Protein chains: 2
Amino acid sequence: MHTPLIDRLRRRGYRLTAQRRVVAEVLEGENVHLTAEAVLDRATELLPEISRATVYATLQQFTELGEVRELALDGRAKRYDPNVEPAHHHLVCDTCGLVFDVAHGIDAPGLSGADRHGMAMQGAEIVYHGECADCSVRAADDKMAT
Amino acid sequence: MHTPLIDRLRRRGYRLTAQRRVVAEVLEGENVHLTAEAVLDRATELLPEISRATVYATLQQFTELGEVRELALDGRAKRYDPNVEPAHHHLVCDTCGLVFDVAHGIDAPGLSGADRHGMAMQGAEIVYHGECADCSVRAADDKMAT
DNA sequence: CTCCGACTTTGGACAATATCCAGATCCTTG
DNA sequence: CAAGGATCTGGATATTGTCCAAAGTCGGAG
């Protein structure tokens, strides 16, 4: 079986290994944004001897290939978004870490030359912060309980 | 000496300790965005017996008070921005982690009701990504060296 | 001014996330 | 199907951050 991802790996000179297949499979099977540890957990179910180092390395490779997007949404673990296309931003619950995709069509304003500070621009990521309904309810309950 | 920060601490019932003064002093003396470890380093020079736990706790308190902004710009350490006003966004070098402020006046588009997914919105942060001039030069050098 | 209780700090253990490395393994090419 | 370089493994190590019990300190009451 050749998914587009696997094809691109081959074309770039990467070898086709069971480990890479498994990581690709885990990512494609999810529409939430997993952390590396979550990917490792699921990958271990499919290929018990896979190692942590391999999962981390593979996620980096996929990121470099543009197959997944690495997201730094909060100060915790990075998350991996398998939906590269269409471009979109994210909405995060600051309390529990829940992530929603924001409809595409929204984009960050560009930077003027002066604001670029001589840097080569590579893109912009908008992170909307809020509190999800569940956490709001839980906060209200906690207040009542006092 | 009573900086505005110290006043607000008192009014909220926080005690005025040497450790809090030192952390405040470190933050005010910097216009770059320090990591907690960097704050610890500088604070240790001013007050050698200060502990890591205190610095982390103090940075959290200052964040809750609105005196500093906690930034999750990349997947590495959180950074603390002492310039709360005016609101502004950030430009990050993905290679070395260097951070520039982006001129205020830029802001993220709002979210429609459907895009809010029932969450209570608390704000949006735009992170512009790129490669700074130094890192571009270094990458070019590396290529020549091969 | 002194004392005491509550708030704060300390330091070291622990947790979560991530990277590195040497040796073992395994794809792919020829 | 053998060789060789790419890849993987497992464990050590690094980085960042949190937790906790005991010790210490701030600041209001007297």
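Throughout, a chain's letter reflects where its sequence line sits, starting with A, and its residues are numbered from 1. Source: prediction; values computed, not measured.
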| field | Among C/dT10, D/dT9, C/dT8, the nucleotide that comes nearest once only the side chain of B/Tyr14 is considered | value | C/dT8
| query | Can you check the B/Leu9 CG to C/dT9 P distance for me, whole Å? | reply | 10 Å
| request: May I ask you to say what B/Thr17 touches in the nucleic acid, namely base, sugar-phosphate or nothing, with a heavy-atom cut-off under 4.0 Å? | output: sugar-phosphate
| field | Value in whole Å for how far the C1' atom of D/dG17 lies from CG of B/Leu34 | value | 17 Å
| remark: To the nearest angstrom, the NZ-P distance between B/Lys78 and D/dT16 comes to 12 Å
| query | What nucleotide, of C/dT8, D/dG27, C/dT19, holds the atom closest to the side chain of A/Tyr56? | reply | C/dT19
| request: Could you please name the option among D/dG11, D/dT7, C/dT8 that lies closest to any side-chain atom of A/Arg20? | output: D/dT7
| In whole angstrom, what separates A/Arg21's CZ from D/dT7's C1'? | 14 Å
| said: Tell me whether A/Arg79 contacts the main-chain N or O of A/His33 through its side chain, where contact means a donor paired with an acceptor under 3.5 Å. | reply: yes
| Starting at CG of B/Leu40 and ending at P of D/dT15, how long is that distance when rounded to a whole Å? | 14 Å
| query | Does some side-chain heavy atom of B/Arg69 sit less than 4.5 Å from a side-chain heavy atom of B/Glu85? | reply | no
| note | Rounded to whole Å, CD of A/Glu70 lies from C1' of C/dT19 at a distance of 13 Å
| field | Side chain of A/Gln19 (C-beta onward), nearest among C/dT19, D/dC8, C/dT10 | value | D/dC8
| query | Quick one: which of C/dA18, C/dT29, D/dT16 gets closest to the side chain of B/Ala77? | reply | D/dT16
| said: Would the distance check show the side chain of B/Thr63 and the main-chain N or O of B/Leu59 forming a donor-acceptor pair, the cut-off being under 3.5 Å? | reply: yes
| query | When you match B/Val55 and A/Ala36 each to their closest nucleotide on DNA chain C, which lands nearer the 5' end? | reply | B/Val55
| For C/dT9, does either OP1 or OP2 sit under 4.0 Å from a side-chain N or O belonging to B/Ser51? | no
| If each of B/Arg52 and B/Ala18 is mapped to the nucleotide of DNA chain D with the nearest heavy atom, which maps nearer the 5' terminus, i.e. the 5' end? | B/Arg52
| Touch check for A/Gln60, heavy atoms < 4.0 angstrom, all strands: base, sugar-phosphate only, or nothing? | sugar-phosphate
| field | Distance in angstrom units between B/Arg10 CZ and C/dT8 P, rounded | value | 10 Å
| field | Atom pair CD (B/Glu125) and NE2 (A/His89), whose distance is rounded to the nearest 0.5 Å | value | 13.5 Å
| request: Output yes when a side-chain donor or acceptor of A/Arg10 lies under 3.5 Å from a complementary backbone atom of A/Tyr14, and no otherwise. | output: yes
| said: Side chain of B/Ala53 only, heavy atoms from C-beta on: which candidate in D/dC19, C/dT28, D/dG17 is closest? | reply: D/dC19
| field | Nearest-angstrom distance from the residue atom CZ of B/Arg76 to P of D/dA14 | value | 15 Å
| request: Find which nucleotide of DNA chain D each of B/Arg15 and B/Arg79 is nearest to by heavy atoms, and output the residue with the more 5' nucleotide. | output: B/Arg79
